[in-house]
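Following: one structure in structure tokens, then a few remarks.
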Amino acid sequence: MMYYAKSKPDVLTIAEHTLDVVEAVKALAQAYGNELSLFTSREFELVKLAALYHDLGKYSECFQSVIKAAIFKQRNKIADKNYPHNYLSAVLIPFEKIEEEYSEAEAMILVLAVGFHHERNEKPSASNIEYFYSKYLKPNIMNIRKDLDVAINEEIDDFSLDVLINRENTVKNFSEKDWYKYILIKGFLQRADHAASAKRKDENVAIYVEEAVDQNVGEQTKTFLEKKYSLRPLQTLTYENQDKNIVLIAQTGSGKTEAALLWIGQKKGFFTLPMRVSLNAMYDRIQSEKGIGFSSTGLLHSTALDHLMSKSDETTSFEQSIIQTEHTRLLAKKLTLSTIDQLFKFPLLYRGFETELATLAYSKVVIDEIQAYDPHIVAILLRGLELIHQLGGQWMIMTATLPQIFLDELQKKGLLDHKSLVKTVLIPDDRDANPVMPRRHRIQLLDDKIEALTKIVQFGETSKVLVVVNTVKEALAMYDQLKQLVGEEAINLLHSQFTRKDRLPKEEKIKEFGQLTNNRPGIWVTTQIVEASLDVDFDYLFTEAATPDALFQRFGRCNRKGLRFNGGTPDEPNIFILSNLEEVSGLETIYEKAIVQKGLEALSAFDGQLIGEHEKIDIVKQVFSREQLAGTKYLAKFEKANQELQDMRAFDLSKEEAQQILRDIQSVSFVAGRENYEAVMALIEQYDAIPDSLDRIERNKQKKQIRMEIEQYIISVSAKSLFFKAKEAGFKVSPFEHPDFNYIQYSIDVSYDSNRGLELRLDENFDVLF
């Protein structure tokens, strides 16, 4: 009689799948086993043992009834619904026999790894386990022994049952060493199981575990750089200190990305950035044959597949893009570029966190632009680095400016030890006989908005002018004011509240406009979407006051390469800061007023003067010191998050809850306006019209393609703002009624325009009788 484990992508018996998981464990051990300071071949034997036991509960007649129905389209009549197989698997482990070779703690770890290799909402129940074991699993014990050479108990092991039922107390009583061992064993079992579940029957499971093990992204990057240039000082620094954890402070445009790749070297690497568009651009540059050409590079964020598909051509099919995304999701790529919500959920100890942390224990992780995150998120990132450090992984922080409290917290956590390096590396200005730091920016504080508008119009006639404001509402107001003064042709608008369909062409347009090779004058009004995501270079910047870290990010979009103004330092101000806080938008909702005020006070010393990179670094360090932040909501939030993370109970959160915390927003997917609504409805009709007669793979392919098209019409909107404004302004918001798309809200009477984007007000042109 056949006992099945998988119905897709291929039908597999329990024995076949189990042996695949064992092979995946061997592949992990062979790939990076020697990189793990806390793991030996003994521990990998425990992971293999966990692999042998992990699916034995699938011999239950309940599970077989369900899976045979999926395979053969017929169901055996079973009186009870299926019970989680992982719980049944765990109680088959002969605890006493395992203790003959391993410690009691290791035997407990084995039970927990098997029992929770799937994380269920339904917690294990002693009575349910005993009932389902006796009625549906015990009669098949002889068949288990026949299929797999593994020792099992014929009666439930009470000790295994107790460990399983009391997971939280069990792990709480582990020593630090056993806690780390638990994380690695369970994490590697989950990695192996996911890899084996993804592979096709005739494929080698190793390619789903770890790709390109012998490739060296550092050496490949070095070869690429040396063909065109010599290594810059910061790149030499990281290349020569691959054995160190590094805090690197370096200005925009100094080659930080390549420096990080040189530091990663032969190791498996993860690179994080706040903005998906920046990751997309980095991905294109690293994997392209015209760039570094490192092919085992993965892209991990919520719209990664969209980007891969937008780049697909005759040589990159839809299926290949899906495979690429799947391998990245399995953490199999040698280098992965990721947003933090995909990678840094593990400090929240959510149910299943062990997969990420176990992988990072033998990897190198880079956090770029850490100052761009909310203080609560930074606390999570720093706690993550602490855990990685404790398990033997390596880390690097790269930033243009670093708040002092972040450095203090790294020190407090013991991360700045003899194996770490804190370094500021700025580009010397080779244009002078006595090298000094290049000063690309001369600033002026403007108290009068009318004066600012006059200057914007004046400079916009002959130069490239970037206007950055703090809110979408202010961007629209500024756009309307300037449009009246210069006409629609001379001004452009970009903010976050456009559909992807409308925003992407605008992003391409501003990138093309903001290049040194483009001599066309004009004005762009944007929000902080431009701060860290777009490689643009304008002559002049007008910006609303914000916290100094955000301001200096905006500065980096003006005279970016120091080649404007004939390659010299600007004689007149090229950065204008609207400093009247009574007129500045987004205070308290986006930026804390007290911190903005302290930043302006520090900048006032440079009013009318050149400001260099050292001064910018010092201002951020000073303003974000514990002393300067005393009494602010920022510091309170940071300290509260640090305390909560230290006290965090394991397994309280689901994966989805952890991801939502990291995204730090309560947002909804929103379709705005009648035209976009009708386009989405037409796509949903196409979705429903996909023939049932198609095979599963083709059907899923067509569904994914339509979902991607629907995403082009979606805007991510603050749930609080949307529903408050709907009530206030009188437009109606509803969810789509389709079960696959009811997470999307829509409004046909809200104002949306492809040139202006979403405005949370009633569309004046909307015909209520339509």
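Comment: Glu258 does not engage Arg232 in a salt bridge, judged by the lack of any side-chain N to carboxylate O separation of less than 4.0 angstrom. A salt bridge links Arg440 with Glu613: the distance from a Lys NZ or Arg NE/NH1/NH2 to an Asp or Glu carboxylate oxygen falls below 4.0 Å. Between Lys511 and Glu507, no side-chain nitrogen of the basic residue sits less than 4.0 Å from a carboxylate oxygen of the acidic one, so the salt-bridge criterion is not met. Salt bridge Arg557/Asp537: absent, no basic N to carboxylate O contact under 4.0 Å. Ionic pairing of Glu592 and Lys598 is not present here: no N-O contact between side-chain nitrogen and carboxylate oxygen is shorter than 4.0 angstrom. Between Asp539 and Lys464, no side-chain nitrogen of the basic residue sits less than 4.0 Å from a carboxylate oxygen of the acidic one, so the salt-bridge criterion is not met. Ion pairing between a basic and an acidic side chain is recognised when a charged N comes within 4.0 Å of a carboxylate O; Lys256 and Glu369 show such pairing.
For the salt bridge (Lys or Arg N to Asp or Glu O under 4.0 Å) test with Lys449, the passing option among Glu474, Glu583, Glu544 is Glu474; the others fail. If you run side chain to side chain donor-acceptor pair (under 3.5 Å) between Arg626 and each of Glu409, Gln404, Glu639, only Glu639 comes through.
In the model, Thr399 has a side-chain atom that pairs as donor or acceptor with a side-chain atom of Gln371 under 3.5 Å. At a cut-off of 3.5 Å, with distance as the only test, no side-chain donor of Ser604 or Asp607 sits close to an acceptor on the other residue. With 3.5 Å as the limit, one finds no donor-acceptor pair spanning the side chains of Arg439 and Thr569. Using modelled atom types, one finds a donor on one side chain and an acceptor on the other under 3.5 Å when comparing Asn280 with His301. Counted by atom type alone, Asp480 and Gln484 present zero donor-acceptor pairs between their side chains at under 3.5 Å.
Side chain of Ser288 to backbone of Arg285: no donor-acceptor contact under 3.5 angstrom is found. No donor-acceptor pair under 3.5 Å is formed between the side chain of Asp368 and the backbone N or O of Leu273. Looking at Asn574, its side chain never comes within 3.5 Å of a backbone N or O of Tyr540 through a donor-acceptor pair. Although no hydrogens or angles enter the test, the distance criterion places no donor-acceptor pair under 3.5 Å between the side chain of Glu451 and the main chain of Asp448. Panel note: side chain Arg442, backbone Pro570; a donor-acceptor pair is recorded below 3.5 Å. Side-chain atoms of Asp753 come within 3.5 Å of backbone N or O of Asn755 as a donor-acceptor pair.
Across Asn642 and Ala379, no two heavy atoms sit closer than the pair OD1-CB, 3.5 Å. Closest approach of Pro403 to Phe624, counting heavy atoms only: CB-CB, 3.3 Å. Heavy-atom minimum distance, Pro505 versus Arg500: CD-O, 4.3 Å. Gln497 approaches Tyr752 most closely through the heavy-atom pair O-CE1, 3.9 Å. Taking each heavy atom of Thr257 and Met398 in turn, the nearest pair found is N-CE, 4.4 Å. Taking all atoms of both residues into account, the shortest heavy-atom contact from Leu758 to Ala672 is CD1-CB, 3.7 Å.
At most 12 non-hydrogen atoms from other residues, nucleotides or ligands lie less than 6.0 angstrom from NZ of Lys423. Counting heavy-atom neighbours within 6.0 Å of Lys501 NZ, excluding the residue itself, gives a total above 12. Lys621 NZ: 12 or fewer foreign heavy atoms inside a 6.0 Å radius. Around atom CD of Glu489, no more than 12 heavy atoms belonging to other residues, nucleotides or ligands sit under 6.0 Å away. Residue Glu588 qualifies as enclosed at atom CD: its count of foreign heavy atoms under 6.0 Å is above 12.
Taking the six-membered ring where tryptophan is involved, the planes of His495 and Phe498 are essentially parallel, since the angle between them stays under 30° and well short of 60°. Classification of the Phe538-Phe513 ring pair by plane angle, with boundaries at 30° and 60°, yields tilted.
Taken to the nearest 0.5 Å, the OG atom of Ser754 stands 5.0 Å off from the CG atom of Asp502. Taken to the nearest 0.5 Å, the CG atom of Leu581 stands 10.5 Å off from the CG atom of Leu578. The CD1 atom of Ile619 sits 11.5 Å away from the CD atom of Glu601 when rounded to the nearest 0.5 Å. Here the CG atom belonging to Leu382 is positioned 9.0 Å from the CH2 atom belonging to Trp395, to the nearest 0.5 angstrom. Taking CD1 of Ile529 as the reference point, atom NZ of Lys506 lies at 11.0 Å (rounded to 0.5 Å). Atom OG1 of Thr454 is separated from atom CZ of Phe459 by 11.0 Å, given to the nearest 0.5 angstrom.
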Inset, instruction - With side-chain contact (heavy atoms from CB on, under 4.5 Å) as the test, would you mind laying out the steps for Thr238 and Ile246 before giving the verdict? - result: CA-CA 8 Å; Thr238 57; Ile246 299 178; 4.3 Å; yes
Legend entry - Trace of the side-chain contact (heavy atoms from CB on, under 4.5 Å) decision for Leu385 with Ile397: CA-CA 10 Å; Leu385 296 187; Ile397 292 173; 3.8 Å; yes
Legend entry - Audit row: Lys364, Phe270, side-chain contact (heavy atoms from CB on, under 4.5 Å) steps and yes/no: CA-CA 6 Å; Lys364 286 186 171 183; Phe270 292 88; over 6 Å; no
Inset, instruction - Take Val467 and Ile456 through the test side-chain contact (heavy atoms from CB on, under 4.5 Å) and record every step on the way to the result. - result: CA-CA 8 Å; Val467 181; Ile456 291 168; 3.8 Å; yes
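Lys455 forms no cation-pi arrangement with Phe542, by the criterion of a distance under 6.0 Å to the ring centre and an angle within 45° of the ring axis.
Between Thr424 and Ile617 the shortest side-chain heavy-atom distance falls below 4.5 Å. Residues Glu759 and Arg756 have side chains in contact (heavy-atom distance under 4.5 Å, counting atoms from C-beta outward).
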